[in-house]
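Worksheet for the structure shown next.
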There are 2 protein chains.
Amino acid sequence: MLIVKKFGGTSVADKERIFHVAGRCAEEYKKGNDIVVVLSAMGKYTDELIEKARDINPNPPKREMDMLFTIGEQMSVSLMAMAMNQLGVPAVSLNAFQVPMYTTSNYGSARLKRIDSDRIRNELENRRIVIVTGFQGVNKYNDYTTLGRGGSDTTAVALAAVLHADACEIYTDVDGVYTADPRIVRTARKMAEITYDEMLDLATLGAGVLHNRSVEMAKKYGVPLVVRSSLNDAEGTVIKEEVKVERMLITGVALDKNADRISVIGLKDEPGIAFKLFDTLAKKNINVDVILQSIGRNNTKDISFTVADTDLEEAVQAIRESGRFAYDEVKYKTDIAKLSVVGAGMMSNPGVAAKMFESLYNEGININMISTSEIRVTVLIEEKDAEKAMNAVHEAFGLAE
Amino acid sequence: MLIVKKFGGTSVADKERIFHVAGRCAEEYKKGNDIVVVLSAMGKYTDELIEKARDINPNPPKREMDMLFTIGEQMSVSLMAMAMNQLGVPAVSLNAFQVPMYTTSNYGSARLKRIDSDRIRNELENRRIVIVTGFQGVNKYNDYTTLGRGGSDTTAVALAAVLHADACEIYTDVDGVYTADPRIVRTARKMAEITYDEMLDLATLGAGVLHNRSVEMAKKYGVPLVVRSSLNDAEGTVIKEEVKVERMLITGVALDKNADRISVIGLKDEPGIAFKLFDTLAKKNINVDVILQSIGRNNTKDISFTVADTDLEEAVQAIRESGRFAYDEVKYKTDIAKLSVVGAGMMSNPGVAAKMFESLYNEGININMISTSEIRVTVLIEEKDAEKAMNAVHEAFGLAE
């Protein structure tokens with residue numbers, strides 16, 4: 001078996017945890033498996049680096065930020081190799097140059113383009129555990145890039161894809177994917193299996209366990225994903241193309257409190273306006289979600305949509321500076337939350353949205369915007385109502401244990 | 001003018017010093033010069049990394065140590081680029097992969113083999129200050145290597161050589177090369193000029209300002225070196241092939257307290273014994289100095305020599321485990337010091353050694369071993385006498401200001 005294992009920052013935060021991970025990998029190595037480990041930077045190290053940089057330059061060049069960021073993962077992988085060596089297991093650490101892993105050129109939010117697997121294969125053939133830096137890549141200029149949020153998960157899935165790994169295990173501080181965030185919904189239940197599409201919607205909608213990019217990539221290349229805890233040996237949740245068990249109507253409930261709403265008021269009601277608006281944002285690499293268009297007055301219309309709160313400022317500025325379309329006003333609201341129910345079962349069941357709205361109505365929660373896809377229903381609500389709403393919906397669909 | 005400037009760890013230890021260096025470089029850049037900056041890791045960061053590693057593995061693999069070490073310089077160069085950017089000067093940081101700088105394969109003590117200058121030249125043509133990681137390289141396996149002691153100086157000189165730089169400035173915490181260590185000899189005088197050979201002997205003998213590898217390389221490629229202070233604008237000392245000023249008999253006095261003496265007693269008096277002994281040490285990359293061979297009893301001989309104190313243990317062990325030659329006993333002594341007088345002028349003046357011995361005799365200092373070359377005389381003395389001896393010799397040759 002060839003297994004790719006990804007451990008996040010908390011799993012390698014200190015000496016003890018490093019040895020815990022090293023021991024776990026050593027065990028599986030000794031059974032004869034080939035092990036590739038992908039690591040993030042230790043604990044809060046990336047935050048420390050951001051602070052160091054900002055202290056010197058409040059608005060540092062992105063190229064240099066990526067140059068600085070990459071040392072975090074390089075520290076993790078070299079220390080992990082030393083720990084495995086200490087346990088008597090041969091191991092070698094590799095950074096983005098050494099693999100190599102090529103990406104697009106945009107610093108801070110690059111996408112993986114090509115991974116050469118020769119070096120890793122050679123090391124595996126020599127029976128070494130291979131420890132690879134997550135989150136980072138090299139662009140065509142031979143400069144370091146980073147993959148943005150969830151980057152290390154993406155690295156792990158991509159490596160599993162090019163190596164045709166038997167499994168890609170993502171270790172986190174929760175022991176699987178739940179029907180809702182168990183910190184908010186006490187009765188949330190861990191799922192044994194879930195499809196890529198369901199996970200994709202959960203991830204996109206803020207379930208937080210996996211980043212959507214890594215799930216998209218896993219789906220595209222058919223990489224079997226497992227989400228499990230780095231702290232215990234519980235089974236975790238398997239994510240794959242099809243699940244065999246009888247499906248519930250709804251798989252899970254996801255909450256995203258990091259969304260902000262932007263409304264562009266008084267756009268001209270003519271063809272191409274929506275294109276110009278969202279193209280302006282796309283060119284800045286800003287993802288938008290939950291789009292709502294409404295008729296305004298005097299041949300105008302209003303378009304509202306949500307963006308991640310980290311993108312709010314840039315998005316508003318981009319709209320104001322664009323000059324490609326006329327409008328009256330840009331408004332935004334930050335104290336909102338996105339609540340979604342997700343499930344492949346809802347495709348053949350028209351009552352899902354109604355049931356969700358009813359459960360919110362019963363709690364006196366106002367719905368701000370609505371968006372639906374084949375396998376999900378998303379509503380925008382006030383942030384203060386978020387946890388009450390999540391519990392209500394979770395119960396309404398009988399997801400509790 | 002193309003100028004290579006090297007700053008050590010203390011010069012980039014914190015935000016203030018980083019901006020001091022950035023400002024200094026920006027000033028010269030604005031005059032129209034092309035600037036290449038070589039940096040070490042910040043302050044004591046390399047020591048911190050060693051501690052981190054040892055905590056996990058007391059005897060970490062050298063390959064992984066180098067992987068860990070290189071992040072120190074990468075942090076320095078990216079933060080420096082941000083500082084220059086903050087000052088409005090375009091700058092780009094490059095690590096060993098990006099230049100690239102190729103070395104031999106021995107981790108921890110690699111030697112530079114080849115530097116591609118294309119990337120640096122392109123960046124300079126685009127009017128950017130180029131900031132390069134010192135101390136590190138990449139070997140034929142695409143693994144990181146480090147250059148060992150004085151590595152960043154060597155990087156700077158090598159870059160100056162391949163770029164045909166007009167000057168290679170080494171910034172340190174002293175403002176030039178002195179006739180003796182000014183912390184020990186109060187009357188020591190800063191020299192305006194000194195030849196490569198003299199500097200080489202001073203460096204080898206523990207003057208501490210520059211590592212001999214960097215001076216050797218500067219001599220080989222004719223790179224004009226300047227040693228000057230990062231704290232003030234004083235002129236510094238120029239090191240070159242020939243100096244025009246009327247030469248003093250002696251250029252300087254050097255003291256090395258980090259030398260230990262090893263004696264191998266009762267070696268067979270037959271051809272090849274010295275070769276086998278020193279070959280054994282050379283294979284371990286251990287440099288020896290001040291060799292003395294004396295006749296023992298019964299067709300045996302004793303060989304004594306000095307090594308750096310960091311090599312003592314490995315040297316003694318290598319001799320004991322070699323099996324290539326028979327001997328009675330290995331002894332060593334650690335409380336010794338090497339005192340040397342250096343000067344191109346002494347070649348034509350036979351009285352130098354005698355004068356040195358006389359000044360030591362006047363102070364009642366016992367000489368343990370003697371070694372001479374064309375431009376230096378070195379004696380081994382008790383460590384406790386070192387400073388008194390240095391002052392006596394410095395005065396005897398009239399080196400004081």
Side-chain angles (χ1 to χ4, degrees), chain A residues 14-16 18-19 22 41-42 45 48-49 52-87 90-100 116 118-119 122-123 131 133 138 141-144, chain B residues 14-16 18-19 22 41-42 45 48-49 52-87 90-100 116 118-119 122-123 131 133 138 141-144:
Chain A
D14 55 37
K15 180 184 170 182
E16 255 145 46
I18 287 174
F19 271 106
M42 294 166 75
Y45 192 64
E48 283 175 40
L49 291 176
K52 252 189 221 300
R54 292 263 158 88
D55 186 37
I56 282 177
N57 187 332
N59 192 17
K62 283 185 175 177
R63 191 245 175 223
E64 298 300 334
M65 267 320 280
D66 281 359
M67 186 82 170
L68 183 66
F69 275 146
T70 54
I71 73 177
E73 288 77 32
Q74 195 169 315
M75 184 186 289
S76 299
V77 296
S78 52
L79 292 176
M80 183 61 74
M82 293 176 197
M84 291 187 181
N85 175 279
Q86 176 71 6
L87 298 180
V92 63
S93 67
L94 299 178
N95 66 16
F97 273 108
Q98 290 164 338
V99 171
D116 284 358
D118 290 0
R119 171 84 192 249
N122 282 339
E123 300 288 357
I131 309 160
T133 51
V138 180
Y141 308 112
N142 249 359
D143 286 345
Y144 272 125
Chain B
D14 55 37
K15 181 185 169 181
E16 254 151 47
I18 287 174
F19 271 106
M42 292 166 75
Y45 192 64
E48 282 174 41
L49 291 175
K52 253 188 220 298
R54 292 262 157 88
D55 186 37
I56 281 178
N57 187 332
N59 193 17
K62 282 186 177 176
R63 191 247 176 222
E64 298 301 334
M65 267 319 279
D66 281 359
M67 186 81 169
L68 184 65
F69 275 146
T70 53
I71 72 175
E73 288 77 29
Q74 195 170 317
M75 185 186 289
S76 300
V77 297
S78 53
L79 291 177
M80 183 61 75
M82 292 176 198
M84 291 186 181
N85 175 277
Q86 176 71 8
L87 298 180
V92 63
S93 68
L94 298 178
N95 67 15
F97 273 109
Q98 290 165 337
V99 172
D116 284 359
D118 290 359
R119 171 85 193 247
N122 281 340
E123 300 288 357
I131 309 160
T133 50
V138 181
Y141 308 112
N142 249 0
D143 287 344
Y144 271 125

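Below, read A as the first sequence line, B as the second, and so on, with proteins coming before strands; counting in each chain starts at 1.
- Here the closest non-hydrogen pair linking M67(A) and L94(B) is CE-C, 3.8 Å.
- The candidate with the highest count of non-hydrogen atom pairs below 4.5 Å against chain B, out of T70(A), I18(A), D143(A), is D143(A).
- One finds the OH atom of Y141(B) at 12.0 Å from the CG atom of N122(A) (value rounded to the nearest 0.5 Å).
- Looking at heavy atoms from C-beta onward, M82(A) lies in side-chain contact with L68(B) at the 4.5 angstrom threshold.
- Contact detail for E64(A) and V92(B): the closest heavy-atom pair is OE2-CA, 3.5 Å.
- Contact between N85(A) and N59(B) at its shortest, heavy atoms only, is OD1-O, 4.4 Å.
- For D66(B), no part lies near chain A; criterion is any non-hydrogen pair under 4.5 Å.
- Chosen from A22(B), P61(B), S93(B), the residue pairing most often with chain A at heavy-atom distances under 4.5 Å is S93(B).
- Using a 4.5 Å cut-off between heavy atoms, Y144(B) contacts chain A through both its backbone and its side chain.
- Between K15(A) and K52(B) there is no side-chain heavy-atom pair separated by less than 4.5 Å.
- Contact of L87(B) with chain A is not made at all, since no heavy-atom distance falls under 4.5 Å.
- Atom CZ of F69(A) sits about 13.0 Å away from atom CD of Q74(B), to the nearest 0.5 Å.
- Between chain A and the options I71(B), V138(B), N142(B), heavy-atom pairs under 4.5 Å are most frequent for I71(B).
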Run the numbers on F97(B) and Q98(A) for side-chain contact (heavy atoms from CB on, under 4.5 Å), then give the verdict. CA-CA 9 Å; F97(B) 273 109; Q98(A) 290 164 338; 3.5 Å; yes
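- Using a 4.5 Å cut-off between heavy atoms, A91(B) touches chain A through its backbone atoms (N, CA, C, O) alone.
- The side-chain heavy atoms of P58(B) and Q86(A), taken from C-beta on, include a pair separated by under 4.5 Å.
- The OG atom of S78(A) sits 8.0 Å away from the CG atom of L49(B) when rounded to the nearest 0.5 Å.
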